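Below: the structure, in structure tokens.
The analysis underlying the following values was restricted to heavy atoms, covering all of them including side chains, and did not include hydrogens, waters or symmetry mates. Just so it is clear, the model here is predicted, and its values are computed rather than measured.
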Amino acid sequence: MEGRRTVLVIDDTLAFREYLCSVLTTAGFDVQSRPDGTAALDAAAKNDFQVIVTDYRMPNMNGVEVTKRLRLRFPGAVIIGISTDDREEDFLAAGADFFLLKPFRCAELLRLAKADRHGDPVREP
């Protein structure tokens, strides 16, 4: 649907990935998900994402490496790093715009997903 932001959720924990997808879909986003960085890069080659949410600990490549690669592909996308460890500096240095420490409030994730790279709300067309 035109005007809806497309989100890519990358997390190797199926239940958590499905939960985030449900929250984002209910909020009106078009959502795709992948279990790891390699699959995310494959999806990025075929799709345009305005928002990317990536976990840190995943097989094949961690979220910081994924962030570096996806930032090159999507320079204007909002990238949100998430982790149970404090990896904020790592994510921000890799090109992420925001970091959320698990567990986080869904309202905070939605606020960031609806924002631009500076955290200001995006007005939908």
Side-chain angles (χ1 to χ4, degrees):
M1 180 184 293
E2 189 174 330
R4 290 173 57 164
R5 295 181 100 187
T6 302
V7 180
L8 175 61
V9 174
I10 314 161
D11 196 299
D12 62 323
T13 304
L14 178 61
F16 189 69
R17 191 170 67 243
E18 288 178 342
Y19 174 71
L20 290 182
C21 289
S22 175
V23 167
L24 290 159
T25 299
T26 300
F29 293 93
D30 288 327
V31 183
Q32 292 188 33
S33 70
R34 298 297 185 273
D36 60 49
T38 303
L41 294 176
D42 288 343
K46 302 171 190 148
N47 298 280
D48 186 28
F49 297 105
Q50 290 80 43
V51 180
I52 298 163
V53 180
T54 182
D55 189 28
Y56 177 75
R57 292 179 194 254
M58 297 180 291
N60 302 321
M61 97 181 52
N62 68 43
V64 169
E65 185 59 35
V66 172
T67 296
K68 288 178 188 174
R69 294 180 185 205
L70 291 177
R71 174 54 68 212
L72 293 173
R73 171 74 172 90
F74 302 110
V78 172
I79 300 180
I80 306 165
I82 59 175
S83 181
T84 55
D85 302 318
D86 186 1
R87 297 288 182 168
E88 183 171 15
E89 286 185 29
D90 299 330
F91 271 110
L92 296 180
D97 301 296
F98 307 105
F99 175 78
L100 294 173
L101 186 65
K102 292 179 181 179
F104 52 82
R105 299 179 65 115
C106 290
E108 183 64 7
L109 175 66
L110 292 174
R111 184 186 73 77
L112 296 175
K114 294 175 180 178
D116 64 17
R117 293 191 60 203
H118 304 288
D120 298 321
V122 173
R123 298 188 195 280
E124 295 298 325

Nearest heavy atoms of Ala113 and Leu24, plus distance in Å: CB-CD2, 4.1 Å
For Met61, the rest of its hydrophobic cluster, which grows through side-chain links under 4.5 angstrom: Leu8, Ile10, Leu41, Phe49, Ile52, Met58, Val66, Leu70, Phe74, Ile79
Carboxylate-amine/guanidinium proximity below 4.0 Å for Lys102 and Asp55: yes
Euclidean distance, Glu65 CD relative to Asn60 CG, rounded to 0.5 Å: 12.0 Å
Contact summary for Val64 and Asp90, nearest pair of heavy atoms: CG2-CB, 3.7 Å
Reported CZ-to-CG distance for the pair Phe98 and Leu109, which is rounded to 0.5 angstrom: 11.5 Å
Result of checking Leu110, Val9, Val23 against Phe29 for side chain to side chain contact (heavy atoms under 4.5 Å, CB included): Leu110
Arg73 side chain to Ala44 backbone, donor-acceptor under 3.5 Å: yes
Heavy-atom side-chain proximity of Thr84 to Tyr56 below 4.5 angstrom: no
Asp36 CG to Asp42 CG distance, which is reported to the nearest 0.5 Å: 8.5 Å
Cluster check Leu101, Leu92: I/L/V/M/F/W/Y, side chain < 4.5 angstrom: no
Test salt bridge (charged side-chain N to carboxylate O under 4.0 Å, His left out) applied to Arg57 and Asp11, Asp85, Asp12, the passing residue: Asp85
Shared hydrophobic cluster for Phe91 and Val53 (ILVMFWY, side-chain gaps under 4.5 Å): no
Any side-chain heavy-atom pair of Phe104 and Leu112 under 4.5 Å: no
Contact summary for Thr54 and Gly63, nearest pair of heavy atoms: OG1-CA, 3.8 Å
Shortest non-hydrogen separation from Gln32 to Asn47 and the atoms involved: NE2-OD1, 3.2 Å
Interatomic spacing from CZ in Phe99 to CG in Asp86 - rounded to 0.5 Å: 5.5 Å
Closest non-hydrogen atom pair, Arg4 against Gly28: NE-O, 2.9 Å
Full working for side chain to side chain contact (heavy atoms under 4.5 Å, CB included) between Val78 and Arg5: CA-CA 11 Å; Val78 172; Arg5 295 181 100 187; 3.9 Å; yes
Residues Asp97, Arg71: salt bridge by 4.0 Å N-O rule: yes
For Ala96 against Thr67, the heavy-atom pair lying closest together: N-CG2, 3.5 Å
Flag side-chain contact, heavy atom, 4.5 Å: Arg87 against Asn62: no
Verdict with supporting geometry, Ile80 and Val51, side chain to side chain contact (heavy atoms under 4.5 Å, CB included): CA-CA 8 Å; Ile80 306 165; Val51 180; 4.3 Å; yes
Atom CZ of Phe16 with >12 non-hydrogen neighbours under 6.0 angstrom: yes
Heavy-atom donor-acceptor pair, Ser22 side chain to Glu18 backbone, under 3.5 Å: no
